[in-house]
There are 2 protein chains.
Amino acid sequence: MSAVTIKDVAQLAGVSPSTVSRVISNHPKISPATRKKVRDAMHQLDYHPNIMAKSLVSKNTNTIGLVLPYSSDNLFINPFFSEVLRGMLAYANNKNYDLLLSSARNQREELEAINRMVLGKRIDGVVLMSPSRDDVIVKKLMEYDFPFVLLGRSLEYPDVLSVNNDNIKASFDLTNYLIAQGHQKIGIVTGKPELVVSEDRLSGFQRALRQAGLPLNPDWIVSAEMLEKNAYHTISMLMNAGDRPTAILVIDDVIAISLIRELAEIGFGVPEDISIVGFNNIYMSEMSNPPLTTIDVGIYQLGYQTIQQLIRKLAGEDHPSKVTVPHRLVVRESTK
Amino acid sequence: MSAVTIKDVAQLAGVSPSTVSRVISNHPKISPATRKKVRDAMHQLDYHPNIMAKSLVSKNTNTIGLVLPYSSDNLFINPFFSEVLRGMLAYANNKNYDLLLSSARNQREELEAINRMVLGKRIDGVVLMSPSRDDVIVKKLMEYDFPFVLLGRSLEYPDVLSVNNDNIKASFDLTNYLIAQGHQKIGIVTGKPELVVSEDRLSGFQRALRQAGLPLNPDWIVSAEMLEKNAYHTISMLMNAGDRPTAILVIDDVIAISLIRELAEIGFGVPEDISIVGFNNIYMSEMSNPPLTTIDVGIYQLGYQTIQQLIRKLAGEDHPSKVTVPHRLVVRESTK
DNA sequence: TATGGTAGTGGAAACGTTTGCACAGGAGGT
DNA sequence: ACCTCCTGTGCAAACGTTTCCACTACCATA
């Protein structure tokens, strides 16, 4: 195991360690001759700086922390996450940052993990993916004045960085598409009420109905939770009521895809008997049977811009603190 | 930003920094009284050790590196990955390890990232997910005697850690299931030939056919690549030949699911007109329409045991170097 | 020729830990 | 009463960097 240090390089090049350090950090006043000598020595010894020692004194780690929140077991299984991560890594690696991952099974663990990373001086900034409203971690980070960015929700504080979609508008647009297709009786499968995103999508839906003067039958609102627990019963209730919806907006593509399958089991065809739309446009949505009409929320971009926000802040660059990633209606064959 | 160090704790507790350090690391010969004093002081100051300083001298980082390989754009989008990661994090976090993520767009970048982490003393061990056969990184790590584990392939070297499935057997089992269902004409959609996993699954398939004395019509072998490029044409060729297969084994669930949809578009029902089976049992397989018959390869376990292998090695524990995660046939409704 | 300025380099302290070694004090054996 | 041994603690060096400050040449200017 090679343990070549800056001193070895210095010795080989016939200069002092300070000079080597300066060459590494591209200090302006190093003579070209010295620079070359040192570079050659570094190369010859296959020198790589000890990052621990470096961060200990320079006080930055070129690392961004990411704690996967406890409420996200589904988020995690959900293909959503790996696409977000891909976007994050793309930007981070390009700027020479790495991602440090930890996970938590509950809020205490989440707080612990963050404390360990932040107070342990292990990372320069942190991404908060916890989609719920709870602010104890945010408060703590603000108190320490530690750089962080929120993914998937925003906060009124003007200087808190965040990256999000306009979920209200997205849901509004999606509902209006259904209305424009002639649907008058539209149901919805809602997500966990404690999540901001669920609330936003529900409210955009309601607003669109209201604006079009359409009714919202309470029987047409079911929760994803209910659906998961007892799919058959829930769907039967919905579809065998005297007045059944002709279209259903589903809070998430994954759930939409599974709903389509469950409808098929009971004998309802999509889109012949009922139209289904989802949210997110995950990779699978295009490949489902039938392909799903949905809102593309720019999953990759969400990840990409989250890290962009954070790294820009770390670099002291000026930039708006709230970023809204645009969404886009993708019409496929699950609607008519 | 709190900058409380071991010295602050020592001062408050009225002991020396060494003693504090010993309390932290549970040194046996510290008197209970001192131990309590120090613990109280730590708590009162909300002390968290500076991990950089700690690793600098102790020479371990409690961090495991993970470089996402360049050939894995699909692997990455593939829900497979997030489930593997979930397994990895579960074990790692439980043992107080974190994961350091980097990605690479080509082999040079991959090597660079590994060098940076390994030679930079940033990690204690590394997971290699690159599923192809190329050994330059493995050679380098062996040369340095740096701990690593292979995920998704094994190597003849006796002391190289690896976690894998028995893909030959898995494919053999899956094919035999189809044969037992009465299928005599079975086709296959193969993966990239340079991947070990593709090769193994193809060879298990061939072996089962041979053993049953069944023919393998060359027209019934198509590559996933071809399918992706020109699905319609490829499928038409397959299905409109005089002699068409009654079942198709597909190298990967994602591709199987998309194949089902494409067959539906041309007018072939699954499983009425043709049976389809996949590999992996990703989360979505259960929710597809129809639900997919597949081989569960224990994705979560693959991740979990990979990290287990590595951490055990780091802890100096004795254990077998090659782990094979068992697979399991999951019969659903895409076959008859 | 003396003076000042600048470009290039080295010395040494500092970052916050861990740990080998030394040492004080008390217990136990003769 | 003396020696030995053990328990618990402190001192100081070391880990591999960065960076402030000082210093040496050398050149240009007066």
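Residue numbers start from 1 in every chain, and the chains themselves are labelled A, B, ... in the order their sequence lines are given, proteins ahead of strands. Since this is a predicted model, take the numbers as computed values, not measurements.
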Could you tell me the separation between the CG atom of B/N50 and the C1' atom of C/dA14, rounded to a whole number of Å?
13 Å

Remember a base hit wins even if backbone is also touched, and classify B/T34 as base, sugar-phosphate or nothing at under 4.0 Å, heavy atoms.
sugar-phosphate

End-to-end axis angle, where each axis spans five pairs of the helix from C/dT1-D/dA30 to C/dT30-D/dA1, to 10°
50°

Atom CD1 of A/I6 and atom C1' of C/dA12 are separated, to the nearest Å, by 15 Å

Measure CD/A/Q11 against C1'/C/dT9 and give the value in whole Å, please.
17 Å

Step by step, would you call B/I64 with B/V127 a side-chain contact (heavy atoms from CB on, under 4.5 Å)?
CA-CA 7 Å; B/I64 288 171; B/V127 176; 4.0 Å; yes

Could you state the atom-to-atom distance from CG of A/N26 to C1' of C/dG8 in whole Å?
16 Å

So, are B/R86 and B/E83 salt-bridged, with charged N and O less than 4.0 Å apart?
yes

Take the protein atom NZ of A/K29 and the nucleotide atom P of C/dA7, then report the distance between them rounded to whole Å.
5 Å

Whichever of B/K59 and B/T19 has the more 5' nearest nucleotide on DNA chain D, that residue is B/T19

Counting the atoms with a prime plus P, OP1 and OP2 as sugar-phosphate, which does A/I30 contact under 4.0 Å by heavy atoms, base, sugar-phosphate, or nothing?
sugar-phosphate

Under 4.0 angstrom, heavy atoms only, what part of the nucleic acid is A/T5 near: base, sugar-phosphate, or nothing?
sugar-phosphate

Reading DNA chain D in the 5' to 3' direction, which nucleotide is the first one with an atom under 4.0 Å from a heavy atom of chain B, and which is the last?
D/dG8 to D/dG16

Select from B/P17 and A/K54 the residue whose nearest nucleotide in DNA chain D is closer to the 5' end of that strand.
B/P17

Could you tell me whether B/S21 contacts a base, only the sugar-phosphate backbone, or nothing, with contacts defined as non-hydrogen atoms closer than 4.0 Å?
base

Are the side chain of B/T34 and the backbone of B/I30 linked by a donor-acceptor contact shorter than 3.5 Å?
no

Check B/D98 with A/R122, please: is the shortest side-chain N to carboxylate O separation under 4.0 Å?
yes

Sugar-phosphate, base or nothing in reach of A/S18, heavy atoms under 4.0 Å:
base

With nearest nucleotides of DNA chain C determined for B/R22 and B/L56 from heavy-atom distances, which residue corresponds to the more 5′ nucleotide?
B/L56

Side-chain donor or acceptor of B/D145 paired with backbone N/O of B/M142 under 3.5 Å:
no

Can you confirm whether A/K7 is buried at NZ, in the sense that more than 12 heavy atoms of other residues, nucleotides or ligands lie under 6.0 Å from that atom?
no

Using a strict 4.0 Å threshold on nitrogen-to-oxygen distance, state whether B/R108 and B/E112 make a salt bridge.
yes

Any donor-acceptor pair under 3.5 Å from A/Q301 side chain to A/V325 backbone:
no

Side chain A/S58, main chain A/K54, donor-acceptor under 3.5 Å
yes

